[in-house]
Colleague: 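Before I ask anything, here is the structure I am working with.
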Amino acid sequence: MLSVDAAFDRFGSALQERGYKVEKDERPPEAPEDRIVVFISQDMHVRIRWHGKARMLTLDVHADDEWVEFARRNFGPAGLEDSSVDALVRKVLLEVAETSTDSD
């Protein structure tokens with residue numbers, strides 16, 4: 001099982017290997033159990049959001065001047081399943097590679 005921060009680190013490492021940089025990493029003061037990280041590259045922006053009360057992780061991509069939900073997973077109180085996080089990382093990386101190829 002992974003903690004929320006460990007899952008964010010895994011996503012961040014995978015995206016940084018593809019040339020993404022962290023633009024914003026915040027925990028809103030009104031909801032300190034939440035976390036939002038935005039990764040940017042010249043080809044695409046990816047936002048990862050953790051909603052603590054809902055125990056929901058969402059991945060969004062920025063397209064046509066708006067954020068579009070790409071994937072969503074709910075997790076139990078014990079943490080995040082490694083396999084589920086790895087599946088989302090693969091899904092994002094495949095989309096990043098496909099989008100980067102499409103922009104050529």
Colleague: Is there a side-chain contact between Ile48 and Arg35 in this structure, where contact means two heavy atoms from C-beta onward sitting under 4.5 Å apart?
Modeller: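 Ile48 does not reach Arg35 side chain to side chain.
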
Colleague: Between Gln16 and Val22, does the side-chain contact (heavy atoms from CB on, under 4.5 Å) criterion hold? Intermediate values first, please.
Modeller: CA-CA 8 Å; Gln16 288 171 349; Val22 175; 3.6 Å; yes

Colleague: In terms of hydrophobic clustering (I, L, V, M, F, W, Y; side-chain heavy atoms under 4.5 Å; direct or indirect links), are Leu57 and Leu2 co-clustered?
Modeller: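 Same cluster.
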
Colleague: Would Asp34 and Arg49 count as a side-chain contact (heavy atoms from CB on, under 4.5 Å) here? Give the steps.
Modeller: CA-CA 7 Å; Asp34 294 355; Arg49 296 183 296 159; over 6 Å; no

Colleague: Which pairs with one or both residues in residues 21-56 pass ring pair (Phe, Tyr, Trp, His ring centres under 6.0 Å), sequence neighbours excluded?
Modeller: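 Qualifying pairs, neighbours excluded: His45-His62.
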
Colleague: For a 4.5 angstrom cut-off between non-hydrogen side-chain atoms, does Leu80 reach Phe8?
Modeller: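 Answer no - side chains too far apart.
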
Colleague: Which residues satisfy the side-chain contact (heavy atoms from CB on, under 4.5 Å) test with Ser13, sequence neighbours excluded?
Modeller: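 So Ser13 forms no side-chain contact (heavy atoms from CB on, under 4.5 Å) with any residue.
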
Colleague: Would you be so kind as to tabulate the donor-acceptor pairs closer than 3.5 Å made by side chains of residues 26-33, with sequence neighbours excluded?
Modeller:
| unit_1 | atom_1 | unit_2 | atom_2 | d |
| --- | --- | --- | --- | --- |
| Arg27 | NH2 | Asp5 | OD1 | 2.6 |
| Arg27 | NH2 | Asp5 | OD2 | 3.3 |

Colleague: What residue pairs, at least two apart or across chains, pass side-chain hydrogen bond (donor to acceptor under 3.5 Å, both in side chains) with a residue in residues 71-80?
Modeller: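 Listed once each, the pairs are Glu69-Arg72.
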
Colleague: Residues in side-chain contact (heavy atoms from CB on, under 4.5 Å) with Asp64, at least two apart?
Modeller: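 Partners of Asp64 under the side-chain contact (heavy atoms from CB on, under 4.5 Å) test: none.
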
Colleague: Taking distance alone, no hydrogens or angles, what donor-acceptor pairs closer than 3.5 Å link side-chain atoms of residues 81-90 to residues at least two apart or in another chain?
Modeller:
| unit_1 | atom_1 | unit_2 | atom_2 | d |
| --- | --- | --- | --- | --- |
| Asp82 | OD1 | Met1 | N | 3.2 |
| Asp86 | OD1 | Arg10 | NH1 | 2.8 |

Colleague: Any link between Leu59 and Ile40 through a network of hydrophobic side chains (Ile, Leu, Val, Met, Phe, Trp, Tyr) touching at under 4.5 Å?
Modeller: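 No, because Leu59 and Ile40 fall into different hydrophobic clusters, even though each may have its own neighbours under 4.5 Å.
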
Colleague: Is Trp67 reachable from Tyr20 through a run of hydrophobic residues whose side-chain heavy atoms are each under 4.5 Å from the next?
Modeller: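 Different clusters: Tyr20 never reaches Trp67 through Ile, Leu, Val, Met, Phe, Trp or Tyr contacts under 4.5 Å.
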
Colleague: Between Ser41 and Gly19, what is the shortest heavy-atom contact and its length?
Modeller: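 Where Ser41 meets Gly19 most closely, the heavy atoms are CB-O, 4.4 Å.
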
Colleague: Out of curiosity, does Phe70 fall in the hydrophobic cluster containing Phe11 (side-chain heavy atoms, cut-off under 4.5 Å, transitive links)?
Modeller: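 They do share one cluster, since a chain of ILVMFWY contacts under 4.5 Å joins Phe11 to Phe70.
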
